[in-house]
Amino acid sequence: MITDVDADGTGTAGPGAAKPAAGEPGAGGTSTVLPELEIDVTPTFVIAAAVATRDFQDVHHNRDRAVERGGKDIFVNVLTTSGLVQRYVTDWAGPDALVCQITIRLGVPCYAGDKLTFSGEVIEAGGAERLVEVVGRCSLGDHVTGTVRIGLGEPCEAGGPAGSAGSAP
């Protein structure tokens, strides 16, 4: 598993973490399971990420306002969630990975004080392309689900892996 210990966006590999072998970034075909990524969703992380994405909605930095609007605390914004999904896949795939398409669906909110754990699996592979299914879970359930299509060292082909994933928007 890969775990985050602070809000700076860096991760450290924990025991049993499986990264692709040297010279084989993102190697693996269909059914390859990615190592988990666990993020400690501290208040500082939520606020810093909202500010970094220029999202100044008060529910992402003002606990009282978030509670007034029905939340239990401040929560992660959609731009941060989208970035974390991409980061999860590209950390696994390596520095030559090119994100060609990302499709996500938001679920339950991820509040400050929670942990957000990403898991994923390659669901299509063809040539230098991979389509990875991703789930980000917190204590309330699925925070985000989706897919990320990547090219490993080259742009994705129209039509996706083996011509079946659809074209990038």
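Being a predicted model, the structure only gives us computed values, none of them experimental.
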Main-chain N/O of V78 paired to S82 side chain as donor or acceptor, under 3.5 Å: no

Qualifying salt bridge (Lys or Arg N to Asp or Glu O under 4.0 Å) pairs with a residue from residues 133-142, counting only residues at least two apart or across chains: R137-D142

Close side-chain approach of W92 to T32, heavy-atom, < 4.5 Å: yes

P109 to C138 - nearest heavy-atom pair and separation: O-SG, 3.5 Å

Any V51 side-chain heavy atom under 4.5 Å of R54 side chain: no

Within residues 70-80 or reaching into it, pairs that qualify as salt bridge (Lys or Arg N to Asp or Glu O under 4.0 Å) - sequence neighbours excluded: R63-D73

Neighbour count >12 (heavy atoms, 6.0 Å) for atom CD, Q57: no

Cluster overlap L140 with V144, hydrophobic side-chain contacts below 4.5 Å: no

Residue list, ring-ring contact (aromatic ring centres under 6.0 Å, His included) with H60, at least two apart or on another chain: F75

For the student: nearest non-hydrogen atoms of L116 and G136, plus distance: CD1-C, 3.8 Å

Minimum-distance pair of heavy atoms, taken over all atoms of L152 and A93: CD2-CB, 3.9 Å

side-chain hydrogen bond (donor to acceptor under 3.5 Å, both in side chains) involving T145 - partner list, sequence neighbours excluded: none

same_hphob_cluster(I39, I104) at 4.5 Å side-chain heavy-atom cutoff: yes

Heavy-atom side-chain contact between V46 and V41 under 4.5 Å: yes

N77 CG to T53 OG1 distance, which is reported to the nearest 0.5 Å: 4.0 Å

Heavy-atom side-chain contact between S31 and E121 under 4.5 Å: yes

Ring pair (Phe, Tyr, Trp, His ring centres under 6.0 Å) pairs, two or more places apart, involving residues 112-150: Y88-F118

Hydrophobic cluster identity match, L34 and V99, side-chain contacts under 4.5 Å: yes

Under 3.5 Å: donor-acceptor pair, side chain of E36, backbone of T117: no

Closest approach of V122 to R130 (non-hydrogen atoms, all atoms of both residues): CG1-CD, 3.9 Å

Residue pair R65 / N62: nearest heavy atoms and the distance that separates them: N-OD1, 3.0 Å

Min side-chain heavy-atom separation Q86-I102 under 4.5 Å: yes

Apart from L98 itself, residues in the same hydrophobic cluster as defined by side-chain heavy atoms under 4.5 Å: none

Pair L37-R87, side-chain contact (heavy atoms from CB on, under 4.5 Å): steps then yes or no: CA-CA 10 Å; L37 170 69; R87 170 209 164 174; 3.9 Å; yes

Closest approach of T90 to A97 (non-hydrogen atoms, all atoms of both residues): CG2-CB, 4.4 Å

